[in-house]
Structure formats: C-alpha cells, structure tokens
Participant: 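Structure below; questions to follow.
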Amino acid sequence: MKLTNVVAKHGFVPSALAQINNAKLYERNNSDGVTELLCVQKIGKGMRVDRMPLLIASGLIIPIGEAVKQILPISELEGFLDITLKPAVFH
C-alpha cells in the first residue's frame with residue numbers, strides 16, 4: 001500500500017508547513033487542538049519515522065508531549081504506522 005494511503009486512514013494529510021528533502025511530511029489535527037507532524041524518510045535500506053505533537057496558535061508553533069523517532073526496515077513500516085498512529089490525547 002502507498003505511504004499516503006497508510007497515513008490517510010489515520011487522518012494524516014500532506015503538510016504544507018514545510019518541505020524536507022527526500023522525505024514525506026504529513027499532519028493531523030486532533031479534536032483537542034493538537035496538531036501532529038509526521039515525517040517519513042528513506043535512509044539506506046530503512047525508513048526513519050519522526051512524529052511530533054504541536055500546538056499552533058497566533059503564529060507560534062510549540063512542541064508538546066513526546067516525539068517519536070524510529071528507524072526500521074522498510075518491510076516493517078506499514079505495520080509500525082498502523083500500530084502507532086492511533087490518535088493520542090495530550091493534556
């Protein structure tokens with residue numbers, strides 16, 4: 001399955017906040033006002049996945065919560081995303 005389809009089923013859409021060379025950037029806006037950025041980048045024979053929860057208000061972007069940083073084999077990417085992209089609740 002295409003990466004865009006995998007993340008789309010969890011509410012992520014391509015992000016216009018930034019561009020990262022050789023990577024795909026997605027975002028998801030949660031009902032609690034938190035925006036999550038997801039970056040997926042091919043590194044050699046593996047994939048690097050970074051996810052960061054943010055508050056975006058009045059032109060400020062404030063990281064909150066804990067970031068996810070993981071490097072894994074390409075064959076494990078879809079399963080990892082399906083397990084870890086369930087919406088989180090931040091307080």
Side-chain angles (χ1 to χ4, degrees):
M1 182 179 278
K2 287 181 59 177
L3 177 61
T4 301
N5 295 338
V6 172
V7 299
K9 70 182 178 180
H10 296 287
F12 283 86
V13 297
S15 178
L17 288 176
Q19 289 187 337
I20 301 171
N21 291 337
N22 302 318
K24 301 285 186 182
L25 187 63
Y26 301 94
E27 67 181 81
R28 167 173 70 186
N29 296 305
N30 297 320
S31 61
D32 59 2
V34 173
T35 298
E36 291 179 83
L37 282 186
L38 173 69
C39 181
V40 181
Q41 182 177 26
K42 185 173 182 185
I43 298 178
K45 294 182 180 182
M47 299 297 283
R48 177 178 170 153
V49 177
D50 294 276
R51 190 173 89 205
M52 171 62 76
L54 307 166
L55 282 178
I56 300 175
S58 302
L60 296 174
I61 299 175
I62 304 165
I64 62 167
E66 302 230 2
V68 172
K69 297 177 184 176
Q70 184 75 32
I71 297 177
L72 56 147
I74 292 171
S75 62
E76 295 178 19
L77 179 63
E78 186 174 346
F80 176 80
L81 293 174
D82 280 337
I83 290 169
T84 62
L85 292 184
K86 295 177 182 170
V89 178
F90 301 96
H91 297 281

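Just so you know, these numbers use all the heavy atoms, side chains as well, and skip hydrogens, waters and symmetry mates.
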Participant: Over all heavy atoms of both residues, which pair between Ala23 and Gln41 is shortest? Give the atoms and the distance, please.
Facilitator: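 Answer, listing the atom of Ala23 first, then Gln41: CB-CB, 3.8 Å.
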Participant: Mind listing the closest non-hydrogen atom pair of Leu25 and Cys39 along with its distance?
Facilitator: CD1-CB, 4.0 Å
Participant: Distance from Thr35 atom OG1 to Leu55 atom CG, nearest 0.5 Å?
Facilitator: 8.0 Å
Participant: Evaluate the side-chain contact (heavy atoms from CB on, under 4.5 Å) criterion for residues Asn30 and Glu36: first the C-alpha distance (whole Å), next the side-chain angles of each, then the deciding distance (0.1 Å), finally the verdict.
Facilitator: CA-CA 8 Å; Asn30 297 320; Glu36 291 179 83; 2.8 Å; yes
Participant: Between Val6 and Phe12, is a side-chain contact (heavy atoms from CB on, under 4.5 Å) present by the stated rule, with each step listed?
Facilitator: CA-CA 9 Å; Val6 172; Phe12 283 86; over 6 Å; no
Participant: So, taking the atom named NZ in Lys24 and the one named CD in Gln19, what distance separates them when rounded to the nearest 0.5 Å?
Facilitator: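 Going from NZ on Lys24 over to CD on Gln19, the span is 10.5 Å.
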Participant: Can you find a pair of side-chain heavy atoms, one from Val49 and one from Thr84, that are under 4.5 Å apart?
Facilitator: no
Participant: Can you confirm whether His10 sits close enough to Leu81 that some side-chain heavy atom of one is under 4.5 Å from a side-chain heavy atom of the other?
Facilitator: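 When only atoms from C-beta onward are counted, Leu81 and His10 do not touch, as no gap falls below 4.5 Å.
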Participant: To the nearest 0.5 Å, how far apart are CD1 in Ile61 and CG in Leu54?
Facilitator: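 Spacing of CD1 (Ile61) from CG (Leu54) equals 6.5 Å.
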Participant: Residues two or more places apart in sequence or in another chain: which of them pass salt bridge (charged side-chain N to carboxylate O under 4.0 Å, His left out) with Lys42?
Facilitator: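 Lys42: no salt bridge (charged side-chain N to carboxylate O under 4.0 Å, His left out) contacts found.
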Participant: Can you tell me how far apart NZ (Lys45) and CG (Leu72) are? Round to the nearest 0.5 Å.
Facilitator: 15.5 Å
Participant: Check the pair Leu38, Val7 against side-chain contact (heavy atoms from CB on, under 4.5 Å), reporting the backbone distance first and the verdict last.
Facilitator: CA-CA 9 Å; Leu38 173 69; Val7 299; 3.5 Å; yes
Participant: Restricting to non-hydrogen atoms, name the atom on Ala67 and the atom on Met52 that form the minimum distance, rounded to 0.1 Å.
Facilitator: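 Looking at all heavy atoms of both residues, the closest pair is CB-CE, 3.4 Å.
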Participant: To the nearest 0.5 angstrom, please state how far the CZ atom of Arg51 sits from the NZ atom of Lys69.
Facilitator: 13.5 Å
Participant: Out of curiosity, Ile71 CD1 to Met47 CE, how far, rounded to the nearest 0.5 Å?
Facilitator: 11.0 Å
Participant: With side chains defined as the heavy atoms from C-beta onward, is the minimum distance between Leu3 and Leu77 less than 4.5 Å?
Facilitator: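 Yes, side chains in contact.
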Participant: If you look at every heavy atom in Leu37 and Ser15, which pair is closest and at what distance?
Facilitator: CD2-OG, 3.9 Å
Participant: Hey, does Glu27 have a side-chain heavy atom less than 4.5 Å from the side chain of Val13?
Facilitator: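 Sidechains of Glu27 and Val13: in contact.
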Participant: Examine Ile74 and Ile43 and state if one hydrophobic cluster contains both, with Ile, Leu, Val, Met, Phe, Trp and Tyr joined whenever side-chain heavy atoms are less than 4.5 Å apart.
Facilitator: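 Each belongs to a different hydrophobic cluster.
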Participant: Mind running side-chain contact (heavy atoms from CB on, under 4.5 Å) on Lys9 and Asn5 for me, showing each step along the way?
Facilitator: CA-CA 6 Å; Lys9 70 182 178 180; Asn5 295 338; over 6 Å; no
